[in-house]
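Okay, structure first, notes after.
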Amino acid sequence: MEKTAASNFLETIIAEDIAAGRVQTVVTRFPPEPNGYLHLGHAKSICVNFGLAERFGGRCNLRFDDTNPEKESQEFIDSIQADVRWLGYTWDGEVRFASSYFQQLYDWAVYLVEQGHAYVCDLNAEQAREYRGTLTEPGRNSPHRDRDVAQNLDLLARMKAGEFAEGEKVLRAKIDMASPNMNMRDPILYRIRKVAHHQTGSDWVIYPTYDFAHGQEDAIEGVTHSICTLEFEDHRPLYDWFIAHLPLASRPRQYEFGRLNPSYTVTSKRKLKQLVDDAVVAGWDDPRMPTIAGMRRRGYTPSAIRKFCQMIGTTRSDGVVDVAMLEFAIREDLNENAPRAMCVLNPLKVVLTDYPEGKVEKLAAASHPSRTDLGERMLPFTRELYIDADDFREEANKKYKRLVLGKRVRLRNAYVIEAVDVVKDPSGAVLEVHARTIPDTIGNDPADGIKPKGVIQWVSATEGRQATVRLYDRLFNHESPDKGERDFMTHINPASLQVVQGAWIEPSLCNALPEQGFQFEREGYFVADRLDHSEQAPVFNRTIGLRDSWAEHGGSGE
RNA sequence: UGGGGUGUCGCCAAGCGGCAAGGCACCAGGUUUUGAUCCUGGCAUUCGGAGGUUCGAAUCCUCCCACCCCAGCCA
């Protein structure tokens with residue numbers, strides 16, 4: 001475990017624990033509740049937990065914290081495992097379930113009752129709230145707080161046996177109703193829920209709460225560092241209380257870090273679910289969703305997401321991270337690794353009037369400007385081509401580095417051409433451009449010394465293929481859609497998806513495998529959709545556009 | 001008005017008494033058959049504020065301010 005210069009506070013703590021002999025092997029865990037899809041915030045937690053274990057040569061468990069069957073399902077258990085694996089992490093041993101510890105947890109509850117540290121309370125939810133007090137006023141003891149052990153034991157057993165209705169009774173810890181920490185005001189350990197559990201079926205009608213379960217789950221698994229987000233900080237005294245009052249073999253410690261808040265997005269499960277339920281997006285894996293499944297479909301790579309999590313660091317402060325950092329991470333990865341290809345999104349026909357009809361030249365083009373190991377592909381060059389309509393103007397100033405009537409441009413990986421004429425329809429719209437090829441300009445500048453103004457992509461009109469290209473943009477047009485008075489749904493970006501049906505792609509792109517990423521030169525990074533793409537009907541999703549200093553400076557507007 | 005936290009460049013973030021790393025973003029140049037990449041340079045005399053301790057403070061002390069979390073039988 002080599003240490004680099006900068007280390008975050010968790011690494012410091014662990015290094016000290018190891019140095020002091022308090023810990024031999026670091027054990028962490030990623031403990032999602034299977035009640036939704038994992039998102040970018042979870043990705044950070046996954047990177048933190050698995051990353052720490054990796055760095056210190058320890059282990060990390062994947063444990064489903066499935067203590068609330070009403071909200072959970074197998075669908076989420078499956079998707080979560082797939083997402084963690086896809087991110088590139090391997091959990092220690094088998095997947096764990098809090099539910100597999102239910103009997104042990106129950107036995108410990110009995111133990112607490114026997115020790116006089118827990119009691120059965122008959123207050124209903126509303127009454128319990130009244131007795132709890134407020135942030136500034138202490139609570140009052142429940143009238144059932146002093147039941148004797150035998151009676152509590154009997155009542156608890158009957159709760160377990162299903163003799164009481166939901167909400168009729170709960171098991172509570174006997175701590176301190178006057179504590180300034182609300183979590184210590186006789187917290188609930190068990191509640192009655194007469195619903196089947198996705199793992200334990202109808203075995204149980206009482207289920208432990210998060211507080212009574214989490215620390216003990218950690219102890220059972222030998223977790224040394226139980227890492228969670230800041231909002232659980234107030235729960236730490238309770239976490240420690242259970243550990244101190246139960247006969248446990250190990251002593252896990254809880255540490256908290258600031259959760260990730262990416263700009264221009266939402267990450268609350270409730271809001272993500274609303275986007276799905278209201279059909280604002282096509283599903284949990286819609287490429288605009290900040291879910292792992294969505295980002296995957298969008299073309300983000302595991303290494304880019306991991307890089308991003310590393311970039312943002314792990315601290316105890318909570319702030320908003322600019323999504324530009326995520327975008328940087330994915331561009332960096334794809335720039336390095338994605339093969340280049342050509343695609344014309346908004347086709348304009350170019351006829352090379354001096355080029356023989358029916359002739360097809362096969363031009364070799366490198367798949368990457370610096371990665372020779374990525375090889376090359378063949379581009380068929382023909383008399384009729386498509387270029388992007390934005391790449392042609394009848395007249396333009398010298399800053400416009402594309403094709404202009406009477407001027408020259410380099411066709412990427414092919415000839416320099418010169419626009420000689422333009423064909424228009426009665427309304428004056430440009431139908432096609434007639435051009436001539438400048439001889440011997442493959443790999444060479446024109447012999448006459450008149451250099452082209454720029455380089456543009458193209459696709460053979462006769463040899464190229466057509467594809468569906470989905471242009472995705474951010475889902476929200478507000479930096480913090482969560483914040484402020486207005487409902488987050490009012491900040492939806494109406495132009496977050498634009499579908500281009502008739503894009504032209506170079507033929508080699510038909511061989512793309514689902515989930516394979518490319519850079520469509522001068523356009524951006526695209527990925528073959530993992531579900532909808534096929535050789536016969538190619539479908540590409542735009543992962544992220546290229547940086548565009550031309551557009552940023554208003555160039556396209558003039 | 002209770003308790004728990006956090007405040008270092010537009011954003012993230014090092015720093016832990018010795019004189020403000022780095023990344024993102026941005027700006028200015030250079031290279032370029034991607035207006036991409038790449039390269040070079042710029043970008044906090046100042047660390048939420050005010051006092052104090054010290055030869056010396058972002059780092060120690062005091063007070064103040066701002067923001068976040070907690071009153072689910074959710075996690």
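Sequence lines set the chain letters: A, B, ... in the order given, protein chains first and strands last, and positions in each chain run from 1.
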Legend entry - Exercise: do A:Asp218 and A:Tyr239 side chains pair donor with acceptor under 3.5 Å: yes
Legend entry - Under 4.0 Å protein heavy-atom contacts per nucleotide of nucleotides 69-75 of chain B, with B for base, S for backbone only and - for none: BBBSBSB
Inset, instruction - Can you tell me, in whole Å, how much space there is between the C1' of B:U62 and that of B:U53? - result: 11 Å
Legend entry - Interatomic distance, A:Arg371 CZ vs B:U34 P [rounded to whole Å]: 19 Å
Legend entry - Watson-Crick or G-U counterpart of B:C73, or none if no pair lies under 3.5 Å: none
Legend entry - Residue pair A:Phe232, A:Tyr210: steps toward the ring-ring contact (aromatic ring centres under 6.0 Å, His included) verdict: CA-CA 11 Å; A:Phe232 290 98; A:Tyr210 164 85; 5.0 Å; yes
Inset, instruction - State whether a side-chain donor-acceptor pair under 3.5 Å links A:Glu72 with A:His198. - result: yes
Inset, instruction - Establish, with yes or no, whether the OP1 or OP2 oxygen of B:G35 is under 4.0 angstrom from a side-chain nitrogen or oxygen of A:Ser549. - result: no
Inset, instruction - For B:G17 and B:C60, measure between their P atoms and round to the nearest Å. - result: 8 Å
Legend entry - Pairwise C1' distance, B:A21 and B:U8 [rounded to whole Å]: 12 Å
Legend entry - Gap in Å between the two C1' atoms, one belonging to B:G10 and one to B:C74, rounded: 37 Å
Inset, instruction - Classify the nucleic acid contact of A:Val320 as base, sugar-phosphate or nothing, counting any heavy atom under 4.0 Å across all strands shown. - result: sugar-phosphate
Legend entry - Distance, rounded to the nearest Å, where A:Lys453 contributes NZ and B:U34 contributes P: 16 Å
Legend entry - Residues A:Arg402 and A:Asp390 bridged, charged N to O under 4.0 Å: no
Inset, instruction - For B:C38 versus B:C24, give the span between their P atoms, rounded off to a whole number of Å. - result: 9 Å
Legend entry - A:Arg253/A:Asp17 salt bridge by N-O under 4.0 Å criterion: no
Inset, instruction - Quick one: look up who B:U45 pairs with, Watson-Crick or G-U, both distances under 3.5 Å, and put none if it's unpaired. - result: none
Inset, instruction - Using a strict cut-off of less than 4.0 Å between a Lys/Arg side-chain nitrogen and an Asp/Glu carboxylate oxygen, indicate whether A:Arg474 and A:Glu327 qualify as a salt bridge. - result: yes
Inset, instruction - With RNA chain B as reference, determine whether A:Asn444 or A:Val321 sits nearer its 5' end, using the nearest nucleotide of each. - result: A:Val321
Legend entry - Lys/Arg N to Asp/Glu carboxylate O, A:Glu506 vs A:Arg377, below 4.0 Å: yes
Inset, instruction - Take atom CG of A:Leu238 and atom C1' of B:G3, then tell me their distance rounded to the nearest Å. - result: 15 Å
Inset, instruction - Quick one: closest heavy-atom pair of A:Arg63 and A:Ala98, and the distance? - result: CG-N, 4.2 Å
Legend entry - d(CZ, A:Phe328; C1', B:C11) in whole Å: 14 Å
Inset, instruction - Quick one: look up who B:A57 pairs with, Watson-Crick or G-U, both distances under 3.5 Å, and put none if it's unpaired. - result: none
Legend entry - Pairing of A:Glu166 and A:Lys194 as salt bridge, 4.0 angstrom limit: no
Inset, instruction - For nucleotides B:C68 and B:A75, find the distance between their P atoms and express it as a whole number of Å. - result: 26 Å
Inset, instruction - Round to a whole Å and report the spacing from CG of A:Leu374 to P of B:U34. - result: 17 Å
Inset, instruction - Name the nucleic acid region contacted by A:Met325, choosing base, sugar-phosphate or nothing; use a 4.0 angstrom heavy-atom cut-off, strictly under. - result: base
Legend entry - Heavy-atom donor-acceptor pair, A:Glu336 side-chain to B:U37 base, under 3.5 Å: no
Legend entry - Rounded C1' spacing from B:C43 to B:G52 in Å: 34 Å
Legend entry - A:Arg55 with A:Glu11: basic N within carboxylate O range, under 4.0 Å: yes
Legend entry - SB check A:Glu231 A:Arg259 (cutoff 4.0 Å): yes
Legend entry - Nearest-Å distance once atom C1' is located in both B:U54 and B:G30: 49 Å
Inset, instruction - Give a yes or no on whether a salt bridge exists between A:Lys307 and A:Asp333, defined as a side-chain N under 4.0 angstrom from a carboxylate O. - result: no
Legend entry - Sugar-phosphate only, base, or nothing, as touched by A:Ile442 at under 4.0 Å among non-hydrogen atoms: base
Inset, instruction - Name the nucleic acid region contacted by A:Gly524, choosing base, sugar-phosphate or nothing; use a 4.0 angstrom heavy-atom cut-off, strictly under. - result: nothing
Inset, instruction - Take atom CG of A:Asn261 and atom P of B:C24, then tell me their distance rounded to the nearest Å. - result: 22 Å
Inset, instruction - Please confirm whether any donor atom in the side chain of A:Arg316 sits under 3.5 Å from an acceptor in the base of B:U6, or the reverse. - result: no
Inset, instruction - Provide, to the nearest angstrom, the distance between the CZ atom belonging to A:Arg340 and the C1' atom belonging to B:U34. - result: 8 Å
Legend entry - Opposite nucleotide pairing with B:U6, Watson-Crick or G-U, both atom distances under 3.5 Å: B:A66
Inset, instruction - Could you state the atom-to-atom distance from CD of A:Glu327 to P of B:G23 in whole Å? - result: 19 Å
Any protein N or O atoms within reach of nucleotides 26-31 of chain B? Criterion: under 3.5 Å, listing atom names and distances.
none

Legend entry - Nucleotide paired to B:A20 in any strand shown, Watson-Crick or G-U, under 3.5 Å: none
Inset, instruction - For B:G56, decide between syn and anti, treating a glycosidic angle within 90° of 0 as syn. - result: anti
